[in-house]
Amino acid sequence: MATSYMDFTLPTTQFTYDLSNNPLFKKDEHNYINALSVKQLNTLGNTSLLDIFLSAGNVVEPHIHQNATELVYCISGAAVVSHINPFTNELLHFPITRGQTANVPQGWWHYEVATADHTHLLAIFDAPVPEAIFGSDILRLTPANVLAHTYCLDEHKVQEALAPIKKTVIIGPPTDCKTQVAPTSNHMPNIGPNIQPINIPPSIKPNIEPKIEPSAQPNVQPNLQPNIQPNIESNVNPNMQPNMPPYVNRLPHWGTWVDPRIVHEPGCPYYSELPVQLNSDDKV
């Protein structure tokens, strides 16, 4: 708990609160979120929570929490918690059911998809007030010409695609959505290089009938190593040991703890050169 400077003798001291009195967002009777922070319960330390109710196919839209780690606990129903690991550039999926949890580190892009009706999730944060930046706001507030120019897209198609996003979504798809399609979830998460199932319409028949051995797994590319950068010379970084792949920190610095695997560049306060290892022929 954070150091508290509150006077617990005051009559305004709060020890209980009914979350139904503080709705954060409500899509309909089956999809809504209630919130609790230090603003509602002034005796809280560095903790807060969101009480999330979802029906199957509804999504807590992609977003980040810039000030807190999020621990998602499933009270009932089922959901898939997905996030992008910025250190490996992998999209990971974690199905959870009653009594199970999934953790989202601070600042990581993530979302939750309900896979069953009457899903009830509790999102717990290590901050007195959870903050969020939602994907819908990034898409609707970033000028279409900037997106088109940056990613080499057709500006008119970008404008047309993003035009329906008029406000923060939070729980999607919106009630007035005309193309409601539930996202495909990988029910065998994190196995192989993020292989997603391929749905072939019944009307399409492939020309080749693959011969699959009983022990073989279809659609799996063996020995596929994602994120390999070709033609990388060894020992480019002066503090990298020979034949050791770099572990690059792509996130801002989160406090005083430093991951020993991170490669620090000259000028960084944590940079230090490793001792030079001489070959036997080089020794005097």
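Computed from a prediction, not measured in an experiment: that's the story for all the values here.
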For a quick test of your reading: what N or O donor-acceptor pairs under 3.5 Å do the side chains of residues 154-161 make, sequence neighbours left out?
| unit_1 | atom_1 | unit_2 | atom_2 | d |
| --- | --- | --- | --- | --- |
| Asp154 | OD1 | His156 | N | 2.9 |
| Asp154 | OD1 | Lys157 | N | 3.2 |

Item to complete: Following the transitive rule for hydrophobic clusters with a side-chain heavy-atom cut-off under 4.5 Å over Ile, Leu, Val, Met, Phe, Trp and Tyr, establish whether Ile170 and Leu121 coincide in one cluster.
Response: yes

Worksheet item: Does the side chain of Leu54 reach to within under 4.5 Å of the side chain of Val60, using non-hydrogen atoms?
Response: yes

Practice prompt. Could you tell me whether a side-chain N or O of Gln106 sits under 3.5 Å from a main-chain N or O of Gln66, the two making a donor and an acceptor?
Written response: yes

Worksheet item: Do any N or O atoms from the side chain of Asn22 and from the backbone of Ala35 form a donor-acceptor pair under 3.5 angstrom?
Response: yes

Item to complete: Can you sort out the partners of Leu49 under side chain to side chain contact (heavy atoms under 4.5 Å, CB included), two or more places apart, ordered by chain and number?
Response: Leu19, Leu36, Leu122

Worksheet item: Hey, is OH on Tyr151 packed in by over 12 heavy atoms from elsewhere, all under 6.0 Å?
Response: no

Worksheet entry | Partner residues of Lys39 under the salt bridge (charged side-chain N to carboxylate O under 4.0 Å, His left out) criterion, sequence neighbours left out | none

Worksheet entry | With sequence neighbours excluded, residues passing side-chain hydrogen bond (donor to acceptor under 3.5 Å, both in side chains) with Thr47 | none

Worksheet item: Got a donor-acceptor contact below 3.5 angstrom from the Asp126 side chain to the Ala68 backbone?
Response: no

Worksheet item: How about Asn31 and Asn58: do any of their side-chain heavy atoms sit closer than 4.5 Å?
Response: yes

Practice prompt. Determine which pairs satisfy ring-ring contact (aromatic ring centres under 6.0 Å, His included) with at least one residue from residues 51-71, sequence neighbours left out, and list them in order.
Written response: Tyr32-Phe53, Phe53-His120, His63-His65, His63-His110, His63-Phe134, His65-His110, His65-Phe125

Worksheet item: Among pairs that include at least one residue of residues 94-104, which meet salt bridge (Lys or Arg N to Asp or Glu O under 4.0 Å), considering only residues two or more places apart or in two chains?
Response: none

Worksheet item: Can you tell if the side chain of Asn34 reaches within under 4.5 Å of the side chain of Leu50, non-hydrogen atoms only?
Response: no

Response to the item:
The side chain to side chain contact (heavy atoms under 4.5 Å, CB included) partners of Ile64 (sequence neighbours excluded) come to Trp109, Ile133

Worksheet entry | Ser20 to Pro23 - nearest heavy-atom pair and separation | O-CD, 3.9 Å

Item to complete: Look up atom CG in Asn42 and atom CG in Leu10, then write down how far apart they are to the nearest 0.5 Å.
Response: 9.0 Å

Practice prompt. Calculate, to the nearest 0.5 Å, the distance between atoms CG and OH belonging to Leu44 and Tyr17 respectively.
Written response: 11.5 Å

Item to complete: Can you sort out the partners of Thr9 under side-chain hydrogen bond (donor to acceptor under 3.5 Å, both in side chains), two or more places apart, ordered by chain and number?
Response: Asp7

Worksheet item: Are any non-hydrogen side-chain atoms of Ser37 and Pro128 less than 4.5 angstrom apart?
Response: no

Fill in: Backbone of Val129 reached by a side-chain donor or acceptor of Asn67 within 3.5 Å
yes

Worksheet item: Say you draw a straight line from OG1 of Thr88 to CG of Leu91; how long is it, rounded to the nearest 0.5 Å?
Response: 10.0 Å

Worksheet entry | Taking every non-hydrogen atom, the tightest pair across Ala78 and Thr97 | CB-CG2, 3.9 Å

Item to complete: Answer yes if Ile165 and Phe25 sit in the same cluster of Ile, Leu, Val, Met, Phe, Trp and Tyr residues linked by side chain heavy atoms under 4.5 Å apart, and no otherwise.
Response: no

Side-chain donor-acceptor pairs of residues 138-149 under 3.5 Å, sequence neighbours excluded:
| unit_1 | atom_1 | unit_2 | atom_2 | d |
| --- | --- | --- | --- | --- |
| Arg140 | NE | Asp137 | OD1 | 2.8 |
| Arg140 | NH2 | Asp137 | OD1 | 2.9 |
| Thr142 | OG1 | Ile138 | O | 2.6 |

Discussion item. Would you say that Val80 contacts Ser82 through its side chain, given a criterion of any heavy-atom pair below 4.5 Å between the two side chains?
Written reply: yes

Worksheet item: Is there a donor-acceptor pair under 3.5 Å between the side chain of Ser55 and the backbone N or O of His118?
Response: no

Worksheet item: What pairs of residues pass the salt bridge (Lys or Arg N to Asp or Glu O under 4.0 Å) test when at least one of them lies in residues 64-80, not counting sequence neighbours?
Response: none

Worksheet item: Is the centre of the His83 ring less than 6.0 Å from the centre of the Phe94 ring?
Response: yes

Item to complete: Classify the side-chain pair Gln14/Thr43 by whether it contains a donor and acceptor separated by less than 3.5 Å.
Response: no

Worksheet item: Going hydrophobic residue to hydrophobic residue with side-chain gaps under 4.5 angstrom, can you get from Ile84 over to Tyr111?
Response: yes

Worksheet item: How close do Trp108 and Pro86 get, heavy atom to heavy atom, and via which atoms?
Response: CE2-CD, 3.3 Å

Worksheet entry | Residues forming a side-chain hydrogen bond (donor to acceptor under 3.5 Å, both in side chains) with Thr119, sequence neighbours excluded | none

Worksheet item: Just wondering, do Val72 and Ile96 contact through their side chains at under 4.5 Å, heavy atoms?
Response: yes

Fill in: Sub-4.5 Å side-chain heavy-atom contact between Lys166 and Ser136
no

Practice prompt. Identify, with sequence neighbours excluded, every residue that meets side-chain hydrogen bond (donor to acceptor under 3.5 Å, both in side chains) alongside Ser48.
Written response: none

Fill in: Nearest non-hydrogen partners of Gly135 and Glu61, listed with the distance
N-OE1, 3.5 Å

Worksheet item: Given Val104 and Thr69, is the side-chain contact (heavy atoms from CB on, under 4.5 Å) satisfied, shown in steps?
Response: CA-CA 6 Å; Val104 180; Thr69 292; 5.9 Å; no

